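Note that this is a predicted model, so its numbers are computed, not measured. In what follows, every chain begins at residue 1, and chains take the letters A, B, ... in the order their sequences are listed.
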Amino acid sequence: MVKRTYEVIYETVRKIPYGRVATYGQIADLSHLPGRARLVGYALYRVVEDDDVPWHRVINAQGRVSESPVRYGNDHLQRVLLEAEGIPFRPNGSIDLKAYRWQPDITEFLSP
DNA sequence: CCGTTGACGGCGA
DNA sequence: ATCGCCGCCAACG
């Protein structure tokens with residue numbers, strides 16, 4: 001039984017702890033999909049509401065929430081959810097990745 | 001079997 | 001700093 005690619009991505013996202021964030025590229029790497037950050041974006045677009053994937057903890061490499069017209073306000077919701085977890089935004093709308101990026105134990109992500 | 005659809009990231013001008 | 005360009009690709013109808 002081969003896991004669907006997006007399911008692998010969702011499993012990685014589920015491991016991001018409360019109060020921390022990860023970038024699309026970081027999730028791709030941890031999911032053994034090196035260099036395919038965009039694929040993570042595609043996957044998160046398809047997350048449904050009744051899923052338990054903490055999609056709001058994934059931001060872009062600039063430390064910002066990725067905005068898009070097709071999200072119809074969910075991008076703003078993402079910021080609200082992160083602030084509710086104690087993650088502050090700078091005046092320019094970015095998050096301090098140095099301070100709030102998830103730093104997983106890499107031994108947990110060795111081979112597929 | 002197509003064609004469409006999208007939350008990225010890195011690099012150069 | 002801020003653009004544009006381009007590689008990247010699974011899911012769905």
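The structure places OH of A:Tyr18 at 8.5 Å from CD1 of A:Ile87, a figure rounded to the nearest 0.5 Å.
Picking from B:dG6, B:dG9, C:dA10 the nucleotide with the shortest atom distance to the side chain of A:Tyr45 gives B:dG6. You'll find that the side chain of A:Asn60 is closest to B:dG9, out of C:dA10, B:dG6, B:dG9.
Protein atom CG of A:Leu39 is 13 Å distant from nucleotide atom P of C:dC12, rounded to whole Å. Nucleotide C:dA10 holds its P atom 19 Å from the OH atom of A:Tyr24, rounded to whole Å. A straight line from CG of A:Asp29 to C1' of C:dC8 spans 14 Å, rounded to a whole angstrom. Look at CG on A:Leu33: it is 11 Å from P on C:dA11, rounded to the nearest Å. Rounded to an integer number of Å, the gap from A:Leu97 CG to B:dC8 P is 15 Å. To the nearest angstrom, P of C:dA10 lies 10 Å from CD1 of A:Ile9. In this structure, CG of A:Leu44 is placed 17 Å from P of C:dC9, rounded to the nearest angstrom. When rounded to the nearest whole Å, the span between CD of A:Glu67 and C1' of B:dC8 equals 15 Å.
Remark: B:dA13 base-pairs with C:dT2; criterion is Watson-Crick or G-U wobble with both hydrogen-bond distances under 3.5 Å.
Nearest heavy atoms, A:Phe89 versus A:Gly93: CD2-O, 3.4 Å.
Contact annotation: A:Arg36 does not reach the phosphate of B:dG6 (side-chain N/O to OP1 or OP2, under 4.0 Å). One finds no side-chain N or O of A:Arg38 lying less than 4.0 angstrom from the OP1 or OP2 phosphate oxygen of B:dG9. Neither OP1 nor OP2 of B:dG6 sits under 4.0 Å from any side-chain N or O of A:Tyr42.
Not a single donor-acceptor pair under 3.5 Å links the side chain of A:His56 to the backbone N or O of A:Asn74.
Remark: the A:Tyr42 side chain and the A:Arg38 side chain contain an N/O donor-acceptor pair separated by less than 3.5 Å.
For A:Leu110, the CG atom is densely surrounded, since the number of other residues' heavy atoms within 6.0 Å is greater than 12.
Residue contacts for A:Val70: at a heavy-atom cut-off of 4.0 Å it reaches the sugar-phosphate backbone alone, with no base atom in range. Residue contacts shown for A:Arg46 include a base, since a base heavy atom lies under 4.0 Å away.
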